[in-house]
Amino acid sequence: MAVTFWAFLVIWVGIAPLMQIRDRRLPWPDLPLDHHYVSAQVILLFAVVAFWVGSTRRVRGIRPGVSPRTRLTVEKTVVVTGLAAVLAVVCLPMTGGLGVRFQSRDDLQAAIAAAGLKSQRDLSMLGLLNTLPAALCSVALVLCLLCWRGRTYADGRGRRTLLATTSVALVLNVIYSNPLSANRFAAFGVLLAVGLAIVRIERQWWRSLFSVGMLCGLAVIYPLANLFRNERSRKDLRLGLDAYYTWDFDGFQQTVNAIHHAGVHGHTWGHHFVSALFFWIPRSIWEGKAIPAGNAVAASRGYEFQNLALPFWAETYLEFSFVGVVVVFFFYGRLARWLDQTLTGPPASLAVAFTVVFAAFQIGLLRGPLGAQIPFVGAALVVLVIGIAAWQGPQWGVSRPPTSVNGRSIPPGAPVAGTDGEGGPRLKAAEAVE
């Protein structure tokens with residue numbers, strides 16, 4: 001959590017805004033709002049300081065052990081991946097087909113619009129047929145990789161089962177999360193989740209290497225991904241330091257715009273936050289549901305293109321004023337520290353899987369707006385929790401027995417939850433431990 005948070009901020013609102021302010025070249029040409037520059041810098045400063053204070057305070061009560069319900073097994077991974085495959089087979093023909101997934105993002109959006117899934121009022125069907133399968137596929141791949149890392153397979157048959165499942169999950173993510181047609185933050189988030197699932201981030205050498213890789217990816221690869229958007233983006237592509245003056249790095253300017261919007265229209269007091277959290281409610285039922293905050297801020301500035309980023313701290317300020325920024329980011333830092341501490345437990349567990357997915361996709365949440373990012377991130381996290389914790393799962397003999405239950409060691413050969421040491425049904429966890 002800490003690595004992805006700081007690496008993203010260093011590039012997106014660290015280096016880029018300093019160059020923009022120095023050269024007076026903001027990404028979006030409009031009337032200058034110089035008088036809000038200091039306020040925007042103060043909001044960002046206090047947000048990161050509050051996060052740092054929250055994340056440096058050790059959280060007590062972390063128990064890295066896992067129970068049978070929160071343990072990740074090959075069986076659970078097979079079920080989640082199977083559901084992802086079935087959903088892809090059903091939904092791909094309804095969202096333009098397989099071929100359009102390997103064309104440009106504009107081609108995919110045109111195919112979705114032609115299918116009647118895109119309207120200004122209700123995007124619930126689009127989320128169900130496009131966002132949910134993509135989120136489910138990304139979670140399936142993370143679960144497969146954590147099973148490999150935790151060596152949860154019991155024997156050769158379990159290894160072959162996991163290999164086949166990983167292959168299916170990988171193909172599904174090539175379809176749904178390739179940079180040709182996928183949103184850049186979704187594609188980048190899946191790659192980041194894969195890296196976090198494989199790398200032992202608790203080791204300093206790997207953590208340093210991973211941080212350098214993230215910085216290079218955000219500084220170089222992220223702007224280059226515009227090559228896949230459309231012909232116009234390829235013609236207007238700007239490389240090197242010139243890329244930091246483009247709309248790819250408009251976080252500071254959008255923070256300035258959010259301050260202006262709050263000054264003119266007032267704070268919204270949670271309207272955008274609540275609407276983002278309950279994204280799954282159709283507008284036909286909830287007519288007052290807010291549009292993403294980035295769209296509202298861009299519209300108030302008269303921008304023709306309004307589907308813009310809005311940093312998490314800027315949206316928090318728009319919702320809850322300056323005090324809200326400090327409070328929200330302090331507890332966000334506490335959450336980050338709590339999640340990072342779960343990495344001391346077994347890798348094949350709900351806690352580690354949740355941390356990996358949240359950390360990878362938090363760059364989208366930080367970029368914002370929440371109304372545009374939470375549907376994908378929220379769907380991924382909900383699918384992850386349900387896929388692991390909602391059931392103990394049938395034991396098909398492809399997962400090896402756990403070595404601990406709820407943090408308590410189990411003597412070798414002792415029966416544990418759902419197994420008899422060979423993969424068959426046996427005693428309950430509590431009886432085995434006692």
Side-chain angles (χ1 to χ4, degrees), residues 1-5 59 62-84 132-153 158 161-162 165-166 168-170 172-173 176-177 186 189-202 206 210 335-365 376-393 398-400 402-407 417-418:
M1 288 290 293
V3 164
T4 53
F5 179 90
V59 180
I62 299 296
R63 298 186 65 182
V66 295
S67 68
R69 191 171 295 278
T70 61
R71 177 175 177 252
L72 174 59
T73 62
V74 176
E75 289 87 349
K76 295 180 182 181
T77 303
V78 170
V79 171
V80 172
T81 307
L83 290 175
L132 180 60
L136 187 55
C137 293
S138 65
V139 168
L141 183 57
V142 169
L143 297 186
C144 289
L145 295 175
L146 288 176
C147 280
W148 283 111
R149 181 175 163 183
R151 298 182 180 181
T152 60
Y153 47 84
T161 301
L162 183 56
T165 305
T166 306
V168 172
L170 183 60
L172 291 174
N173 278 276
Y176 272 102
S177 300
V190 170
L191 290 176
L192 186 57
V194 168
L196 290 172
I198 295 174
V199 174
R200 294 187 178 276
I201 202 71
E202 66 271 12
W206 277 108
F210 197 86
L335 172 65
R337 180 57 182 262
W338 185 86
L339 290 174
D340 277 345
Q341 286 183 215
T342 65
L343 297 177
T344 58
S349 65
L350 173 60
V352 173
F354 192 94
T355 302
V356 166
V357 173
F358 196 104
F361 293 126
Q362 78 165 327
I363 59 174
L365 299 177
F376 180 82
V377 180
L381 294 176
V382 169
V383 165
L384 172 67
V385 172
I386 293 177
I388 297 180
W391 62 306
Q392 295 191 26
V398 293
S399 295
R400 63 179 175 82
T403 57
S404 66
V405 175
N406 291 326

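Each residue takes its place number in the sequence, starting with 1. In what follows, every heavy atom counts, from backbone to side chain, and hydrogens, waters and symmetry copies are set aside.
Between V352 and P346 the shortest heavy-atom distance is CG2-O, 3.3 Å. When every heavy atom of C147 is checked against every heavy atom of L72, the shortest pair comes out as SG-CG, 3.7 Å. Heavy atoms only, all atoms of each residue included: A360 and L192 are closest at O-CD2, 3.5 Å. Contact detail for E75 and V398: the closest heavy-atom pair is OE2-CG2, 3.3 Å.
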Side-chain donor/acceptor pairs under 3.5 Å, residues 379-389, sequence neighbours excluded:
none

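T342 OG1 to F354 CZ: the interatomic distance, rounded to the nearest 0.5 Å, is 9.5 Å. Between atom CG of residue L143 and atom OG1 of residue T166 there is a gap of 10.0 Å, rounded to the nearest 0.5 Å.
Taking T4 as the reference, Q362 meet the side-chain hydrogen bond (donor to acceptor under 3.5 Å, both in side chains) condition, with sequence neighbours excluded.
Using a 4.5 Å heavy-atom cutoff, the side chains of V190 and F361 are in contact. Within the 4.5 Å cutoff, no side-chain heavy atoms of I198 are placed close to those of W148.
With no hydrogens or angles considered, no side-chain donor-acceptor pair links T165 and T77 at under 3.5 Å.
A donor-acceptor pair is defined here as one N or O able to donate and one able to accept, closer than 3.5 Å; no such pair exists between the side chain of T152 and the backbone of S399.
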